[in-house]
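Take a look at the structure set out below.
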Amino acid sequence: MNLNLIAVLGGGQMGSGIAQVFAQSGFKTVIYDLATSALEASRKGISKNLDRAVEKGRLSAEDREAVLARLTWTSNLADLAESDLVVEAIIEKLETKFQTWKQVDELCRPTTIFASNTSSLPITQLAGGVSHPERFIGMHFMNPVPVMQLVEIIRGYMTSDAVYQATFDLAKTLNKVPVTVEDSAGFISNRILMPMINEAIFCLHEGIATKDDIDTVMKLGMNHPMGPLTLADFIGLDTCLFIMEVLYRDFADSKYRPCPLLRKMVQAGQLGRKTGAGFYTYETAAKAVAAK
Ligand code: CAA
């Protein structure tokens with residue numbers, strides 16, 4: 001497969017991370033976002049990550065420049081027309097995704113592969129909105145993308161073997177470890193992770209332990225790098241709730257019932273790191289300063 005240009009839809013944390021990984025693997029990559037403020041934040045975030053890699057001796061100053069030279073940021077969708085692969089990492093709203101894919105579908109060549117980084121929406125359903133569902137696939141990266149090794153490769157009902165194999169091999173080229181997953185709500189990662197986080201929130205809700213102790217159990221007892229409540233703040237409580245709702249609806253099983261406390265916190269706008277407060281409060285984007 002000839003991949004001369006990769007396009008990433010969405011300049012948020014996931015989209016930027018994905019674009020950085022492609023550029024670091026030698027691919028010319030364009031990041032698209034409607035909001036110029038998001039593009040600016042993306043440019044700064046990637047530069048900062050690369051600076052840190054240079055400081056740590058993992059990247060030469062010369063390579064840093066080469067990576068940046070492979071990246072462009074745009075709010076003009078027409079700049080994506082020549083792309084060979086489009087990876088979508090925009091907001092988790094079905095309608096918005098459908099609209100964006102429709103525009104991209106009209107713009108790109110019929111051979112372009114379309115990959116969605118959705119964390120839980122059905123790939124088969126998303127693929128139904130484009131003219132060639134056989135070249136639509138799920139490519140689910142983990143946050144923070146430059147650090148986490150895993151990529152779930154999700155085959156939609158119509159995904160062709162050729163597109164699946166090319167995407168699987170591509171993930172390896174990015175120095176990631178791909179796993180193959182059939183299209184099913186939450187795939188593997190969020191089918192397991194989110195009920196664990198939800199259960200941790202139930203423990204807090206029922207007053208079984210403090211949030212610090214709940215996190216400590218999973219950190220020190222199970223060697224997780226972050227406790228589940230810290231991780232929920234890191235992911236975003238709105239995202240956690242959204243995924244639980246998808247699991248609850250698609251499996252119609254009460255075991256996926258979102259914890260009322262999670263729902264209440266989302267209603268209150270306490271979404272975690274991105275809003276400065278969730279289960280913990282944050283002075284900066286990266287530091288928990290106080291338990292409530
Ligand atoms: N971008 C790039 N690099 C980053 C980064 C970011 N956002 N955050 C941390 N890093 C790098 C740091 O530079 C550091 O690298 P060096 O050791 O070379 O300096 C390394 O990661 C470790 O960082 P820290 O020392 O600052 O902190 P840490 O050891 O606590 O690790 C962590 C941070 C990697 C995030 C770790 O806490 C962790 O693995 N947490 C769990 C993350 C996780 O579970 N992710 C999956 C979320 S679910 C998901 O993404 C799917 C979904 O659909 C919701």
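Only this structure's heavy atoms are used, side chains among them; waters, hydrogens and symmetry mates stay out. Atoms within a ligand are numbered from 1 in the order they appear, just like the ligands themselves.
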Inset, instruction - Please confirm whether the backbone N or O of Asn4 pairs with a side-chain atom of Asp84, one donor and one acceptor, at under 3.5 Å? - result: yes
Legend entry - Those residues that, when tested against Pro178, pass side chain to side chain contact (heavy atoms under 4.5 Å, CB included) (two or more places apart): Ile153, Phe168, Ala171, Lys172
Inset, instruction - Tell me which protein heavy atom sits closest to atom 40 (N) of ligand 1, plus the residue, atom name and distance to 0.1 Å. - result: Met226 SD, 3.5 Å
Legend entry - Atoms of ligand 1 close to Leu231 [distance to a heavy atom under 4.0 angstrom, numbered from 1]: 43 (C), 44 (O)
Legend entry - Selection from Ser119, Pro225, Ser189, Pro146 by shortest heavy-atom distance to atom 41 (C) of ligand 1: Pro225
Inset, instruction - Determine the minimum heavy-atom distance between Leu85 and Leu170, stating which atoms define it. - result: CD2-CD2, 3.5 Å
Inset, instruction - Between Met148 and ligand 1, find which residue part has any heavy-atom pair under 4.0 Å and reply side chain, backbone, both or neither. - result: side chain
Legend entry - Contact with ligand 1 for His140, non-hydrogen, under 4.0 angstrom: yes
Inset, instruction - Would you confirm whether any non-hydrogen atom of the protein falls under 4.0 Å from atom 46 (C) of ligand 1? - result: yes
Inset, instruction - Check whether any protein heavy atom sits under 4.0 Å from atom 1 (N) of ligand 1. - result: yes
Legend entry - Under-4.0 Å protein heavy-atom contact, atom 37 (O) of ligand 1: yes
Legend entry - Numbered atoms of ligand 1 (with element) below 4.0 Å of Lys56, judged on heavy atoms: 19 (O)
Legend entry - Identity and separation of the nearest protein heavy atom to atom 21 (O) of ligand 1: Val147 CG2, 3.5 Å
Inset, instruction - Could you name the option among Lys48, Arg58, Met14, Arg52 that has the heavy atom nearest to atom 15 (O) of ligand 1? - result: Arg58
Legend entry - atom 52 (C) of ligand 1: nearest protein contact (heavy atom, Å): Asn190 ND2, 3.5 Å
Legend entry - Smallest separation among heavy atoms of Glu88 and Trp101, with atom names: CB-CZ2, 3.2 Å
Inset, instruction - Answer yes or no for Arg135 and Phe114: cation-pi contact, defined as NZ/CZ to six-membered ring centre under 6.0 Å and angle to ring axis within 45°. - result: yes
Legend entry - For ligand 1, the portion of Val145 having any non-hydrogen atom under 4.0 Å away: neither
Inset, instruction - Examine the proximity of ligand 1 to Met142 and report which part, side chain or backbone, both or neither, has a heavy atom under 4.0 Å away. - result: both
Inset, instruction - For atom 50 (O) of ligand 1, grab the closest protein heavy atom and report residue, atom and distance to one decimal in Å. - result: Asn143 N, 2.9 Å
Inset, instruction - Ignoring hydrogens and angles, state whether a donor on the side chain of Asn190 or Ser120 is under 3.5 Å from an acceptor on the partner side chain. - result: no
Inset, instruction - Answer yes when Arg52 and Glu55 have at least one side-chain N-carboxylate O distance shorter than 4.0 Å, and no when they do not. - result: no
Inset, instruction - Determine, counting only non-hydrogen atoms of the protein, whether one lies under 4.0 angstrom from atom 19 (O) of ligand 1. - result: yes
Legend entry - Non-hydrogen atoms of Gln270 and Leu237 that approach each other most closely: O-CD1, 3.3 Å
Inset, instruction - Flag Thr239 as yes when one of its N or O atoms lies below 3.5 Å from any N or O atom of ligand 1, and as no otherwise. - result: no
Inset, instruction - Answer yes or no: is there a donor N or O on one side and an acceptor on the other, between the side chain of Thr281 and the main chain of Ala277, under 3.5 Å? - result: no
Legend entry - Side-chain donor-acceptor contact under 3.5 Å, Glu92 with Thr239: no
Legend entry - For Asp215 against Pro228, the heavy-atom pair lying closest together: OD1-N, 3.0 Å
Inset, instruction - Identify whether Ile31 and Met139 are in the same connected component of the hydrophobic contact network (ILVMFWY, side-chain heavy atoms under 4.5 Å). - result: no
Legend entry - Heavy atom of protein closer than 4.0 angstrom to atom 30 (O) of ligand 1: no
Inset, instruction - Using distance alone, decide if ligand 1 has a nitrogen or oxygen within less than 3.5 Å of any nitrogen or oxygen in Gln13. - result: no
Inset, instruction - State the atoms of ligand 1, each with its element, that fall below the 4.0 Å cut-off from a heavy-atom position in Leu193. - result: 48 (S)
Inset, instruction - Below 4.0 angstrom from a heavy atom of Asn49, which ligand 1 atoms are there? Numbered from 1 as shown, please. - result: 1 (N), 2 (C)
Legend entry - Charged N-O contact under 4.0 Å between Asp161 and Arg155: yes
Legend entry - Protein residue, atom and distance nearest to atom 8 (N) of ligand 1, heavy-atom basis: Pro144 CG, 3.9 Å
